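Here is the structure we will look at, set down as structure tokens.
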There are 2 protein chains.
Amino acid sequence: MSEDLPHPDRAEIRIEAVLHALADPVRLHYVREMDRIGTGVACGAIELPVTKSTRTHHLRTLREAGVIRLRKEGTARIATIRRDDLDARYPGLLNAILSAES
Amino acid sequence: MSEDLPHPDRAEIRIEAVLHALADPVRLHYVREMDRIGTGVACGAIELPVTKSTRTHHLRTLREAGVIRLRKEGTARIATIRRDDLDARYPGLLNAILSAES
DNA sequence: GCAATAGTACGATAACCATCGTAGTTCGAC
DNA sequence: GTCGAACTACGATGGTTATCGTACTATTGC
């Protein structure tokens, strides 16, 4: 019942992957909403202008880049931003990006 | 002898474009070198692992995203990072990215 | 067991993009 | 004017990626 999807270790997170993951408008919007909510959110709780399968794809990109962590909770997946990891690796980055207006 | 290549105004710079521009390893390396040198540099002065024409393409991406400014100086193009613009729009972002190890 | 919900894997598709080579422009020195 | 250097526009190429739909799995409540 733990994490069944692979996540990169903190040391494995690459800046290019993080930047690329957050460069996509859909993904950036998603992470901003997560930040606004402030707690873990079920994947589907944040509405996106794309289908479920595309959402899965986007979340996968965020997960693999090390931006978010996904854990199972019943039928749902709860997503949390890896703030501690990102702040440790790239101090100030996440705040700068999330506070930027699009 | 002003600028002949179009640059986005400060207000036109979009976070997604900046992130995308800096997500590419070649471009990130280039901007880091520029930062290290600290002054405007002729485009070709920084060695890249790609051909001249690809370098032109990359610099165009950086320019269009609003990350750098290019001006003519004789046959050369001098590139400078738009620190003031980026810091004004996205405080802390550039420093966080440039100080991140790849 | 069935139905509903939440989510994923997979394949297809079209757009995007990094790369290269070619052919050209601009500039400065001679 | 010629030449060389610095650079750019353009087209071709092949890889990548965002998107969708389909078919599936896992879970929960009845």
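Residue numbers begin at 1 in each chain, while the letters A, B, ... track the order of the sequences. For clarity, every value in this text was computed on a predicted model and none was experimentally measured.
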**Asked** What integer distance in Å separates B/R55:CZ from D/dC10:C1'?
**Response** 18 Å
**Spacing between A/H20 atom NE2 and C/dC17 atom C1', to the nearest angstrom** = 10 Å
**Minimum-distance pair of heavy atoms, taken over all atoms of A/P8 and A/A65** = CG-C, 4.2 Å
**Fill in**
Of B/K52 and B/H58, the one whose closest nucleotide on DNA chain C sits nearer the 5' end is B/H58
**Prompt:** Closer to the 5' end of DNA chain D via nearest nucleotide, is it A/T75 or A/T54?
**Reply:** A/T54
**Message:** Does B/R83 have more than 12 heavy atoms from other residues, nucleotides or ligands lying within 6.0 Å of its CZ?
**Reply:** yes
**Request:** Find the distance between CG (A/L70) and CZ (A/R63) and round it off to the nearest 0.5 Å.
**Result:** 6.5 Å
**Message:** Is it the case that atom CD in B/E47 sees more than 12 heavy atoms from other parts of the structure closer than 6.0 Å?
**Reply:** no
**Asked** Has the side chain of B/S53 got a donor or acceptor atom sitting under 3.5 Å from an opposite partner on the base of C/dG21?
**Response** yes
**Prompt:** C/dA6 P sits how many Å from A/L59 CG, rounded?
**Reply:** 15 Å
**Request:** Select from A/D24 and B/R60 the residue whose nearest nucleotide in DNA chain D is closer to the 5' end of that strand.
**Result:** B/R60
**Prompt:** Rounded to whole angstrom units, what separation is found between the CG atom of B/L22 and the C1' atom of C/dA18?
**Reply:** 16 Å
**Prompt:** Does a sphere of radius 6.0 Å around CZ in A/R10 hold more than 12 heavy atoms from other residues, nucleotides or ligands, not counting ones at 6.0 Å or beyond?
**Reply:** yes
**Message:** What's B/R27 touching, base or sugar-phosphate or nothing? Going by heavy atoms closer than 4.0 Å.
**Reply:** sugar-phosphate
**Prompt:** Expressed in angstrom and rounded to an integer, what is the separation of B/R77 atom CZ from D/dA9 atom P?
**Reply:** 9 Å
**Prompt:** Can you tell me how far P of D/dC7 sits from CD of B/E47, to the nearest Å?
**Reply:** 13 Å
**Of the listed nucleotides C/dC20, C/dA18, D/dC7, the one nearest the side chain of B/V50** = C/dC20
**Item:** Between D/dT27 (P) and A/R71 (CZ): distance, integer Å
**Value:** 15 Å
**Asked** Rounded to whole angstroms, how far apart are CG on A/L48 and P on D/dT19?
**Response** 9 Å
